Amino acid sequence: MPAGRCGAAPVGYRGHVDLDVVEECPYRFRLERHGAMRVPGTVFASRDLLRDAGQSLRQVANVATLPGIVGASYAMPDIHWGYGFPIGGVAATDVAAGGVVSPGGVGFDISCGVRLLAADCDREALRPVLGAVMDDLGRAVPRGAGPGGVWRLDGTGELERVLRGGSRYAVERGYGVERDLLRCEDGGVVADADVDQVGPRARERGLGQVGSLGSGNHFLEVQAVTEVYDAHAAEAYGIAAGQVCVMIHCGSRGLGHQICSDHVRAMDRAMARYGIEVPDRQLACAPVDSPEGRAYAGAMAAAANYARANRQLLSDAARRVLRRRAGVRLDLVYDVSHNLAKAETYRVDGEPRRLCVHRKGATRAFPPGHPDLPGDLRDAGQPVLVPGTMSTASYVLAGVPGGDALHSACHGAGRVMSRHQAARTVTGAALRARLEDAGIAVRPLSMRGLAEEAPEAYKDVSAVVAASEGAGLCRRVARLEPLGVVKG
DNA sequence: ATGTTC
């Protein structure tokens, strides 16, 4: 979208970052091209959220120096500091023009993402058994640091079937139904996984964690729909006011982490050979069309399938509990990643180009009519699932037509406080008491972990969503609030 | 995020 369309004269804005930031129009700021930047930066945010972005704007500018980058180095309203790339960053490179792929543009938790399931009951019907349901979910959901998962694999042969098959393999083994796959990004499985690029340490770590939540901001929540903004889209997605839902947020555990580490090291060593210089070693990268680039892409796809199998297995665990304890059925609304690089085709200067689109802490948001959407979602657009915090709302959004941010939207509230700072601010016991007083049942594995994820450690997710909608990245469909939380 | 510092 050209700046002139906004109608307002650019307003000079100076935050505490030494960058030229220009407000192009409400919810859209430009980082002027300087030095080695090949493209400008584009940050979608309110003025308040831009202030919260702080030094991570420097990372937006750093990403703009990557070989082959097209359009701009983009940032979503929930931008915050990350490894090399900011979390909330979106960047696309032109594969045929020497464009690079960078593990830092995906993140350590490869294919971390969110899945939403809709129950065939409303919150009042569930209330009498909520405590028992939460107790059972607490027992059924492996979580926390280290090993433990729904599946215990015999050996690397079965791990390779997970790495190649993703959610589809879990469904083939009886952990879900065929319809689930229609409601997963990519049908639940990325085709180009190369298991030979998954190293021995990654395999070792992955073997014992298939079907586990992990820790940090990952969770499984029982939620209720508290508001519907778009009745047409909500109907297409299968959600309605008052309805119970289950939201799952998790990723590829130690396997994805190890793959990221291994391939960052390999690219760091290879960059000089390709004549690539970057302003930050954490931006280690290699041409997509190179041995190192292909190796990472193949390993990343394998980790993406691992994360998807993970979410499929935890969905099955939740379904068993809800059916047994409450006689409730769960239908999959959607499953989408917010940490991934994907090959997508866009018009650049009028010509269709194959791009490598990095989304790190940013959600793909395909508009209505996109050919990759299943038929029953094509009119409404792709569901975009945005988790908030354990005592605030989560949102279901929809992709919208237009916009130039590579069909991307926000992914969450975004941290404002470090884990350490959060744990100093509140004790786990006090937080748990506060949540229980508010009617939210909590099943934490660790009180320290609970405190680190205190709601006050995050930005206001409603402000993030309002800025995302205001910037034309997506539109609101429904708001959900937590009834019960399972945490690592 | 992460066998939470190879």
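Since this is a predicted model, take the numbers as computed values, not measurements. Hydrogens, waters and symmetry mates play no part in the numbers below; they use all other heavy atoms, side chains included. Below, chain A is the first sequence line, B the second, and so on; all start at residue 1.
- A:Leu445 places its CG atom 16 Å from the C1' atom of B:dT2, with the value rounded to the nearest Å.
- One atom, CD1 of A:Ile110, and another, P of B:dT2, lie 12 Å apart when rounded to the nearest Å.
- Put simply, CD on A:Gln258 is 12 Å from P on B:dT4, counting in whole angstrom units.
- The CG atom of A:Asn339 sits 13 Å away from the C1' atom of B:dT2 (whole-angstrom rounding).
- Atom P of nucleotide B:dT2 and atom CG of A:Leu255 are separated by 12 Å, given to the nearest angstrom.
- The only member of A:His407, A:His338, A:Gln382 that meets side chain to side chain donor-acceptor pair (under 3.5 Å) when paired with A:Arg364 is A:Gln382.
- For the salt bridge (charged side-chain N to carboxylate O under 4.0 Å, His left out) condition, the pairs that include at least one residue of residues 194-203 of chain A, sequence neighbours left out, are A:Glu160-A:Arg203.
- To the nearest angstrom, P of B:dT2 lies 19 Å from NE2 of A:His263.
- Annotation: A:Tyr334 is not in aromatic contact with A:Tyr237 [ring centroid separation under 6.0 Å not met].
- Listed by first then second residue, pairs satisfying side-chain hydrogen bond (donor to acceptor under 3.5 Å, both in side chains) with a partner in residues 268-285 of chain A read A:Asp268-A:Arg281, A:Arg273-A:Glu292, A:Tyr274-A:Glu292, not counting sequence neighbours.
- In this structure, A:Gly216 reaches the sugar-phosphate backbone alone: every heavy-atom distance under 4.0 Å involves primed, P, OP1 or OP2 atoms, never a base.
- At the phosphate of B:dT4, neither OP1 nor OP2 sits under 4.0 Å from any side-chain N or O atom of A:Arg419.
- Rounded to whole angstrom, the span from the CZ atom of A:Arg201 across to the P atom of B:dT2 amounts to 16 Å.
- Counting any heavy atom pair closer than 4.0 Å across all strands shown, A:Glu452 reaches no nucleic acid atom.
- Rounding to whole angstrom units, NE2 of residue A:His218 and P of B:dT4 are separated by 16 Å.
- When each of A:Glu453 and A:Ala145 is assigned the nucleotide of DNA chain B bearing its nearest heavy atom, the one mapping closer to the 5' terminus is A:Glu453.
- Contact annotation for A:Gly254: backbone-only contact, meaning every heavy-atom pair under 4.0 Å involves sugar-phosphate atoms and none involves a base.
- Counting heavy atoms from C-beta outward, A:Met247 and A:Phe219 have side chains that approach closer than 4.5 Å.
- Note on A:Ser215: a side-chain N or O is less than 4.0 Å away from OP1 or OP2 of B:dT2.
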